[in-house]
Visitor: 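I am attaching a structure below and will ask some questions about it afterwards.
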Amino acid sequence: MSDAREEMCHVVEELYRLGLFTATGGNLSVRDSVRPETAWITPRAAFKGALTPARMVRIDLQGERVAGEQGVPSSEAKIHAALLAARPDVQAVVHCH
């Protein structure tokens with residue numbers, strides 16, 4: 001797989017299939033292994049059964065979309081970013097609905 005975004009799509013799809021994510025609720029973030037001061041997060045209000053890597057949004061560890069990135073990050077981006085900033089050993093955060 002090319003990067004974390006592709007794996008995120010598989011995980012989100014599985015969480016949706018298992019009923020742990022609703023159609024547009026729940027989110028996942030993953031620390032970027034190349035740029036660990038950033039993370040990828042699922043987009044706000046997107047259908048969780050058919051995400052693509054291009055839809056993921058890069059955020060900084062303050063929860064803000066990185067300049068030049070497309071899309072709107074999850075409304076819980078600041079919570080994900082705070083957890084990732086506080087715990088450098090944590091590589092991903094999942095928020096189920």
Visitor: Can you label the angle between the H80 ring and the H95 ring as parallel, tilted or perpendicular, going by 30° and 60°?
Guide: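 Plane angle between 30° and 60°, so tilted.
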Visitor: Can you name the closest pair of heavy atoms from Y16 and G49 and give their distance?
Guide: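 Closest approach of Y16 to G49, heavy atoms only: CD2-CA, 3.6 Å.
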Visitor: Less than 4.5 Å apart, side chain to side chain, heavy atoms only: is that true for C96 and F21?
Guide: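 With C-beta onward as the side chain, the pair touches.
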Visitor: Start with the C-alpha distance between M56 and C9, add both sets of side-chain angles, then the distance that settles side chain to side chain contact (heavy atoms under 4.5 Å, CB included), and finish with yes or no.
Guide: CA-CA 9 Å; M56 301 304 169; C9 290; 3.6 Å; yes
Visitor: Restricting to non-hydrogen atoms, name the atom on R87 and the atom on D89 that form the minimum distance, rounded to 0.1 Å.
Guide: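 Nearest heavy atoms, R87 then D89: NH2-OD2, 2.6 Å.
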Visitor: Is I79 reachable from V90 through a run of I, L, V, M, F, W or Y residues, each pair having side-chain heavy atoms under 4.5 Å apart?
Guide: yes
Visitor: Considering only heavy atoms from C-beta outward, does the side chain of F47 approach that of R55 to under 4.5 Å?
Guide: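 Not in contact.
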Visitor: Decide side chain to side chain contact (heavy atoms under 4.5 Å, CB included) for L51 and R5; before the verdict, give the C-alpha distance in whole Å, the side-chain angles of both, and the deciding distance to 0.1 Å.
Guide: CA-CA 10 Å; L51 285 177; R5 294 175 295 170; over 6 Å; no
Visitor: Measure across G26 and K48 and return the closest heavy-atom pair with its distance rounded to 0.1 Å.
Guide: O-CE, 2.9 Å
Visitor: According to a 4.5 Å side-chain heavy-atom criterion applied to Ile, Leu, Val, Met, Phe, Trp and Tyr, with indirect links allowed, do L18 and L28 form part of one hydrophobic cluster?
Guide: yes
Visitor: Let me check something: do V57 and V72 share a hydrophobic cluster, defined by ILVMFWY side-chain heavy atoms less than 4.5 Å apart, either directly or through other members?
Guide: no
Visitor: A side-chain contact here means heavy atoms from C-beta on lying under 4.5 Å apart; do V12 and T42 qualify?
Guide: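 A side-chain contact exists here, since the closest heavy-atom pair is under 4.5 Å.
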Visitor: Looking at every non-hydrogen atom in both residues, tell me the closest pair between E6 and P53 and how far apart they are.
Guide: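 Nearest heavy atoms, E6 then P53: CA-CG, 3.8 Å.
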Visitor: Verify the neighbour count for atom CD of E14: are there more than 12 heavy atoms of other residues, nucleotides or ligands below 6.0 Å?
Guide: yes
Visitor: Over all heavy atoms of both residues, which pair between L61 and E37 is shortest? Give the atoms and the distance, please.
Guide: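 That would be CG-O, 3.3 Å.
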Visitor: Assigning hydrophobic clusters by single linkage (Ile, Leu, Val, Met, Phe, Trp, Tyr; side-chain heavy-atom cutoff under 4.5 Å), is L15 placed with I41?
Guide: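 No, L15 does not connect to I41 through the hydrophobic network.
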Visitor: Which is it for E7 and V30 under the side chain to side chain contact (heavy atoms under 4.5 Å, CB included) test, yes or no, and what are the steps along the way?
Guide: CA-CA 10 Å; E7 185 65 24; V30 175; over 6 Å; no
